[in-house]
There are 4 protein chains.
Amino acid sequence: MSQTGAAVTTVRRGRPRSESSRQAILRAAGELLLEQGLGGTSIEAVSRLAGTSKATIYRWWPSKELLAVDVLLAEWHDEATSAEDTGTLAGDLRAVILPWTRDLRSRPYARIVSGLVAAALGDEDFAHDYRARFVERRRERGRAALARAAARGEIPADTDVELALDMLYGPIYHRLLHGHEEVDEPFAEQVIAAVVRAVAPGSSAG
Amino acid sequence: MSQTGAAVTTVRRGRPRSESSRQAILRAAGELLLEQGLGGTSIEAVSRLAGTSKATIYRWWPSKELLAVDVLLAEWHDEATSAEDTGTLAGDLRAVILPWTRDLRSRPYARIVSGLVAAALGDEDFAHDYRARFVERRRERGRAALARAAARGEIPADTDVELALDMLYGPIYHRLLHGHEEVDEPFAEQVIAAVVRAVAPGSSAG
Amino acid sequence: MSQTGAAVTTVRRGRPRSESSRQAILRAAGELLLEQGLGGTSIEAVSRLAGTSKATIYRWWPSKELLAVDVLLAEWHDEATSAEDTGTLAGDLRAVILPWTRDLRSRPYARIVSGLVAAALGDEDFAHDYRARFVERRRERGRAALARAAARGEIPADTDVELALDMLYGPIYHRLLHGHEEVDEPFAEQVIAAVVRAVAPGSSAG
Amino acid sequence: MSQTGAAVTTVRRGRPRSESSRQAILRAAGELLLEQGLGGTSIEAVSRLAGTSKATIYRWWPSKELLAVDVLLAEWHDEATSAEDTGTLAGDLRAVILPWTRDLRSRPYARIVSGLVAAALGDEDFAHDYRARFVERRRERGRAALARAAARGEIPADTDVELALDMLYGPIYHRLLHGHEEVDEPFAEQVIAAVVRAVAPGSSAG
DNA sequence: TCCTAACCGAGACGGTACGTCGCGTCTTAGG
DNA sequence: CCTAAGACGCGACGTACCGTCTCGGTTAGGA
């Protein structure tokens with residue numbers, strides 16, 4: 001789960017990593033991130049709340065941004081629904097989008113996400129990590145749905161898939177990050193319908 | 001233009017504000033914001049680069065976020081084109097969107113904008129200010145274009161205007177903030193075309 | 001009264017000095033000095049409380065120390081009792097010392113005096129001013145009393161007058177500045193008696 | 001010796017205090033205090049000169065006044081001669097007073113002491129600390145000398161000891177703080193002699 | 001059973017920036 | 001010529017976190 005679960009190649013000697021500390025850190029970080037956002041959360045405060053030392057956090061997470069990524073991935077239900085074929089583009093997109101927006105609504109995650117977005121724009125290394133694990137991962141599911149629709153003949157083969165994905169995720173991120181309106185179920189449905197209509201002009205979806 | 005340009009009603013007593021300091025601060029802040037982003041820019045560094053005292057900055061800007069807003073508004077060409085009637089919805093939207101995306105491309109503003117977005121989600125007061133002066137201001141222009149289209153009979157009178165605006169601005173902000181693709185002219189044109197197609201199904205636009 | 005009442009030689013042109021401002025400043029400074037001591041009193045605060053501008057204070061008093069000196073001289077009864085011949089050394093010293101200690105007890109002046117003492121040790125110019133107007137002025141009265149006693153034959157002609165003065169003022173300043181005991185009337189009387197006994201060994205004073 | 005040398009009872013956990021930083025701070029503070037006095041010395045400047053961070057200073061000294069106390073106690077030879085019985089009151093007082101005045105003359109400490117006196121009058125907490133560690137500590141030695149003299153029958157049993165101490169220390173502090181004359185060895189001897197004469201009228205001292 | 005490596009907490013360290021306060025100077029308008 | 005108002009560059013305040021660094025102690029596997 002953690003990004004630091006790598007090197008199992010060498011034989012593990014010495015005292016093993018404390019699982020309880022790891023969980024205490026993730027729990028404390030999650031609480032603080034939800035309350036204060038990324039900018040308002042300090043490693044110092046996480047260590048205080050978790051009852052661990054700062055060094056232990058730094059040993060396993062190079063930055064609070066990467067810690068925040070681990071926190072979000074642990075709290076969301078991202079593993080499931082990797083590919084659901086419902087028979088229609090609209091259905092497939094619903095299966096991709098709706099569970100995610102439900103997660104987003106379950107707690108005030110927008111502040112954390114916005115912090116990660118800002119951090120990614122200022123740190124090219126983190127940007128790669130963040131985009132791959134958050135943005136591209138989700139786009140890939142939408143891309144797969146569109147590919148299935150093309151294979152089905154539901155949409156033209158030369159559909160501009162990337163544009164469609166931007167039309168799909170863009171409005172949702174827009175509301176999430178700018179907060180001018182809720183990202184509720186009807187809105188998500190409307191966005192999906194509009195995208196379907198745009199890429200499948202002859203369809204009767206809506 | 002500046003948030004501090006208010007009360008000229010009362011008689012101005014005391015030493016007047018230094019215009020040169022004001023400009024030096026905006027210039028220095030702009031430079032640092034573009035180089036380091038909002039998170040990497042400190043009032044301390046702005047005051048050093050501008051050759052002014054910190055107190056002078058704090059006297060006029062309560063936070064670096066509000067300073068950043070002033071910097072962006074000063075660097076962009078936001079005043080003009082408040083309402084251009086080109087005769088078609090597509091034309092009107094182009095007149096609203098294209099100059100803005102040109103400004104966005106002119107320098108790496110995305111880092112600054114993402115910082116403001118994150119700041120707004122963590123500070124309700126700033127959120128109001130930011131949304132009114134950045135997001136809503138631009139939405140209002142798109143809203144006006146859609147209203148003219150409705151008056152013209154180009155789109156149905158019961159069009160969901162807010163949804164259309166999210167479909168218009170969402171993809172642009174998405175690319176701007178996530179940086180997975182450029183916000184270039186063809187992309188902006190495609191988004192506009194897609195929105196026009198979505199709200200005016202019978203039109204020949206695109 | 002004020003140390004700035006000098007140059008009346010040239011003809012006074014323009015708006016005359018505001019007497020009400022001068023008094024407001026002295027009153028405000030006195031209040032703040034008694035409450036906060038010299039270190040805790042700022043010109044800024046004096047101007048706020050007095051309702052005058054800072055510039056007006058700086059125009060007439062080069063430093064807050066010199067302002068404090070004016071405040072104290074205005075509040076004490078130093079002019080009178082310049083020389084009282086009571087017929088005995090003890091009586092003369094009482095006439096010099098007791099009114100002063102009464103002034104000192106009337107309000108918590110010790111904090112202000114200690115501030116002036118500290119300021120004098122750090123600023124040679126102010127030190128001259130302060131010693132002349134505060135310390136030496138009072139020593140001179142004691143010196144005169146001792147001179148009268150010598151003329152009277154009450155004490156030897158070769159008495160070490162400066163030592164006697166230090167034995168007289170030292171214990172009083174000591175209690176005043178260190179605050180380990182009160183500078184009350186009995187103490188002042190005892191000090192005077194001890195000094196008289198020391199310089200006039202054969203006397204029956206005490 | 002230092003006010004921070006306390007609790008060695010509990011097990012020392014964490015990184016131990018840096019002895020080199022402690023000494024660098026005391027050395028830097030001593031230098032600045034002698035040059036600029038207490039008022040002219042800032043924690044900022046001490047940290048710069050010592051090459052430590054401000055936080056390290058604040059961690060161990062709550063205020064610059066308490067730091068100054070530590071500096072003086074470290075520079076003076078206060079530990080020794082706590083009780084020397086020379087057989088006579090005059091000799092005992094010499095053993096108490098002369099080494100101290102020698103310390104006072106060795107460098108321009110008067111400015112620092114005057115600053116501490118002023119600070120004590122403005123801060124009741126510091127006053128207790130300062131009086132206990134500076135004034136009372138030294139008075140106690142004089143008090144012990146007077147007690148031995150009384151036990152010896154050299155002075156009356158009902159001698160007013162506190163008054164005698166004020167007559168002893170007062171003149172010395174007076175010259176030190178007002179700076180109208182030097183606190184040289186002959187002066188100290190004269191003061192001691194005068195006090196002895198005052199409390200032991202029948203003696204042949206002087 | 002001991003050794004040794006890797007972990008853990010506590011907490012001190014040199015830094016940077018925070019936002020505020022007062023300094024003494026200045027530049028206005030107005031009496 | 002004086003005054004109130006108030007902006008200015010400056011420097012220090014005391015605090016919070018940063019990321020790094022010792023410490024003493026703990027917990028495993030390999031010898």
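In the text below, chain A, chain B and the rest are named by the order of the sequence lines, each starting its count at 1.
Heavy-atom distances under 4.0 Å link DNA chain E to Ser42(B), Ile43(B), Glu44(B) of residues 35-44 of chain B, given in residue order.
Ile57(D) has its CD1 atom 17 Å from the P atom of dA16(F), to the nearest Å. Across the protein-nucleic acid pair, Arg17(C) atom CZ and dA4(F) atom P stand 11 Å apart, rounded to whole Å. Straight-line distance from the CZ atom of Arg13(D) to the C1' atom of dT26(F): 12 Å, rounded to whole Å. Between the CH2 atom of Trp61(D) and the P atom of dG14(F) there is a distance of 15 Å, given to the nearest Å. Taking atom CZ on Arg59(A) and atom P on dC21(F), their separation rounds to 13 Å, with Å as the unit. Rounded to whole Å, the distance from CH2 on Trp60(C) to P on dC1(F) is 11 Å.
You'll find the side chain of Asp70(A) stays beyond 4.5 Å of the side chain of Glu75(A), heavy atoms only.
Judged by distance alone with a 3.5 Å cut-off, no donor-acceptor contact links the side chain of Arg15(C) to the base of dT3(F). Side-chain N/O atoms of Lys54(B) and base N/O atoms of dG9(F) include no donor-acceptor pair closer than 3.5 Å.
For dA4(F), the OP1/OP2 oxygens have a side-chain nitrogen or oxygen of Ser21(C) closer than 4.0 Å. At the phosphate of dG24(F), neither OP1 nor OP2 sits under 4.0 Å from any side-chain N or O atom of Arg12(D). Neither OP1 nor OP2 of dA7(F) sits under 4.0 Å from any side-chain N or O of Ser18(B).
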>> Pair Leu116(A), Phe126(A) - check side-chain contact (heavy atoms from CB on, under 4.5 Å), show working.
In response: CA-CA 9 Å; Leu116(A) 295 178; Phe126(A) 175 67; 3.7 Å; yes
> Leu72(D) and Val113(D): side-chain contact (heavy atoms from CB on, under 4.5 Å), yes or no, with the steps?
Replying inline: CA-CA 9 Å; Leu72(D) 291 190; Val113(D) 173; 4.2 Å; yes
> Is there a side-chain contact (heavy atoms from CB on, under 4.5 Å) between Thr56(A) and Trp61(A) once you walk through the steps?
Replying inline: CA-CA 9 Å; Thr56(A) 300; Trp61(A) 288 278; over 6 Å; no
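Backbone-only engagement by Thr52(A) is indicated by non-hydrogen atom pairs under 4.0 Å involving sugar-phosphate atoms exclusively. Across all strands shown, Ser47(D) has no heavy atoms under 4.0 Å from either base or sugar-phosphate atoms. When heavy atoms are screened at a 4.0 angstrom cut-off, Ala45(B) is found touching no nucleic acid atom at all.
Judged by distance alone, the side chain of Lys64(D) and the main-chain N or O of Thr41(D) form a donor-acceptor pair under 3.5 Å. Under the 3.5 Å distance criterion, the side-chain polar atoms of Ser21(B) are left unmatched by any main-chain donor or acceptor of Ser18(B).
The residue among Gly51(A) and Ala55(B) whose nearest nucleotide of DNA chain E lies closer to the 5′ end is Gly51(A). The nearest heavy atom of DNA chain F to Gly14(B) and to Glu19(B) marks one nucleotide each, and the one closer to the 5' end goes with Gly14(B).
Glu65(C) and Tyr130(C) are not linked by any side-chain donor-acceptor pair at a separation below 3.5 angstrom, with hydrogens and angles left out of the test.
Contact check on Arg111(D) versus Asp123(C) returns no salt bridge, with no Lys/Arg side-chain nitrogen under 4.0 Å from an Asp/Glu carboxylate oxygen.
Considering every non-hydrogen atom in both Leu38(C) and Ala68(C), the closest pair reads CD1-CB, 4.0 Å.
A 4.0 Å heavy-atom criterion places the boundary nucleotides of DNA chain E facing chain C at dG22(E) to dG31(E), written 5' to 3'.
For the pair Arg22(B) and Trp60(B), the NZ or CZ position fails the cation-pi test of under 6.0 Å to the six-membered ring centre and within 45 degrees of the ring normal.
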